[in-house]
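In the text below, chain A, chain B and the rest are named by the order of the sequence lines, each starting its count at 1.
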Number of protein chains: 2
Amino acid sequence: MDVDRLTTVIEDFNTIFIRLPSVRKFNFSTLSVLHTLDRRGPIRLTDLLATEQLKQPALTSLVAKLEQDGLLQRRPDPTDGRASLISLTRSGRQIVRSRHAHRVAKLTRLVDQLTPEERAVLAGSVDVLNRLTELAEETP
Amino acid sequence: MDVDRLTTVIEDFNTIFIRLPSVRKFNFSTLSVLHTLDRRGPIRLTDLLATEQLKQPALTSLVAKLEQDGLLQRRPDPTDGRASLISLTRSGRQIVRSRHAHRVAKLTRLVDQLTPEERAVLAGSVDVLNRLTELAEETP
DNA sequence: GCACTTACATCGAAAATTGATATAGTCGCC
DNA sequence: GGCGACTATATCAATTTTCGATGTAAGTGC
């Protein structure tokens with residue numbers, strides 16, 4: 001099992017997977033925040049901070065801007081008066097879904113060109129890839 | 001073959017694959033430029049522009065800064081007096097390699113926790129993933 | 001050798017990000 | 001039930017990044 005080569009292949013695959021012909025121009029920080037909110041549901045700013053590569057003031061101002069733009073909403077945390085819970089609005093979720101849909105379309109076009117055997121291999125790897133992600137979340 | 005789920009799994013995997021505990025603080029644009037230069041060798045600014053999500057003036061100033069910092073070098077293009085060929089210096093390549101090494105180490109720690117069967121599936125998928133990347137480069 | 005295009009640079013303004021610091025709520029303890 | 005330490009988020013000024021508009025100089029076609 002050549003992990004070095006696996007790493008290289010994923011790195012290279014990502015250069016085509018991540019970049020999308022984007023309708024609206026969001027920077028990387030914004031897209032990452034929207035994605036995290038979509039997965040992690042209502043979350044406090046501090047917890048969101050842990051997954052994003054931003055300092056707290058930058059995240060505060062980004063969240064404020066996205067709230068202005070109606071992509072997310074903040075509700076007071078009922079269990080902690082200092083905090084608020086941030087979650088996507090319908091419109092924010094729409095953006096994440098739309099980007100996802102574009103990726104699915106792009107990937108479908110590629111997968112269609114694979115042989116049936118290759119497709120089977122790829123399909124079989126989905127659970128393993130998912131397992132890797134789970135392990136990463138558990139592993140310190 | 002559920003491409004939708006494949007897409008989701010890769011998106012989620014990437015949240016742990018991309019982010020690294022970085023020694024030096026480079027932003028996403030910088031890392032992307034360094035990575036592209038490492039793969040695509042000496043390249044003109046305009047061609048580099050195609051893969052990066054920046055406008056030309058931003059890339060010009062980023063390249064100028066990275067040249068100052070000794071991470072890349074510019075040599076005149078012998079075949080075109082207007083252009084110059086940009087390539088990584090040893091020091092620039094060092095950064096890309098170091099980040100790659102961190103990913104390999106991180107991924108190794110995860111792969112070690114898989115069963116032999118899971119590892120075999122993953123190893124088998126490397127070529128297919130690579131094929132997908134090639135197809136993406138060919139596909140318009 | 002003259003218009004036209006292409007490759008890159010320059011410049012001022014707008015946006016994003018940061019470090020330092022402030023504010024305000026919470027918790028443990030007596 | 002109030003004091004001190006801690007935590008969550010906000011604010012502010014300075015820096016960095018990015019952009020749009022435009023310039024310059026080298027190549028290209030006729």
Item to complete: Decide salt bridge (charged side-chain N to carboxylate O under 4.0 Å, His left out) for A:D112 and A:R119; before the verdict, give the C-alpha distance in whole Å, the side-chain angles of both, and the deciding distance to 0.1 Å.
Response: CA-CA 8 Å; A:D112 282 349; A:R119 270 199 290 279; 5.1 Å; no
Using nucleotides 18-23 of chain D, report all nitrogen or oxygen pairs with the protein that are shorter than 3.5 Å.
{"unit_1": "D:dT18", "atom_1": "OP1", "unit_2": "B:S29", "atom_2": "OG", "d": "2.7"}
{"unit_1": "D:dC19", "atom_1": "OP2", "unit_2": "B:K55", "atom_2": "N", "d": "2.8"}

Worksheet item: Angle, rounded to 10°, between the helical axes spanning five pairs at each terminus of the helix from C:dG1-D:dC30 to C:dC30-D:dG1?
Response: 30°
Give a yes/no answer on whether the side chain of [X] brings an N or O atom under 4.0 Å of OP1 or OP2 in [N].
X: B:T46; N: C:dC8; value: yes
X: B:T60; N: C:dC8; value: no
X: B:R74; N: C:dA9; value: yes
X: A:S84; N: D:dA8; value: no

Discussion item. Side chains of B:S29 and B:E52, heavy atoms from C-beta outward: is any pair under 4.5 Å?
Written reply: no
Worksheet entry | Side chain to side chain, B:L85 and B:R74, heavy atoms closer than 4.5 Å | no
Ignoring hydrogens and geometry beyond distance, is a side-chain donor-acceptor pair present between [X] and [Y] at under 3.5 Å?
X: A:Q113; Y: B:T139; result: yes
X: A:R39; Y: B:T15; result: no
X: B:Q56; Y: B:T60; result: yes

How many whole angstroms separate atom [atom1] of [X] from atom [atom2] of [N]?
X: A:F28; N: C:dA15; atom1: CZ; atom2: C1'; answer: 18 Å
X: B:K25; N: C:dT18; atom1: NZ; atom2: P; answer: 11 Å
X: B:F26; N: D:dT17; atom1: CZ; atom2: C1'; answer: 15 Å
X: B:L48; N: C:dC8; atom1: CG; atom2: C1'; answer: 13 Å
X: A:D80; N: C:dG25; atom1: CG; atom2: P; answer: 11 Å
X: B:L66; N: D:dT16; atom1: CG; atom2: C1'; answer: 13 Å
X: B:D77; N: C:dC8; atom1: CG; atom2: P; answer: 8 Å
X: A:R75; N: D:dT9; atom1: CZ; atom2: C1'; answer: 18 Å

Discussion item. For B:L6, run the side chain to side chain contact (heavy atoms under 4.5 Å, CB included) check against B:D4, B:V9, B:I10, B:T8 and tell me which one passes.
Written reply: B:I10
Worksheet item: Are B:D127 and A:R5 ion-paired here, with the side-chain N under 4.0 Å from a carboxylate O?
Response: yes
Discussion item. Apply salt bridge (charged side-chain N to carboxylate O under 4.0 Å, His left out) to residues B:R44 and B:D80 and explain how you reach the verdict.
Written reply: CA-CA 10 Å; B:R44 341 166 121 207; B:D80 188 339; 3.0 Å; yes
Worksheet item: Ignoring hydrogens and angles, are the base of D:dT9 and the side chain of A:R82 linked by a donor-acceptor pair under 3.5 Å?
Response: no
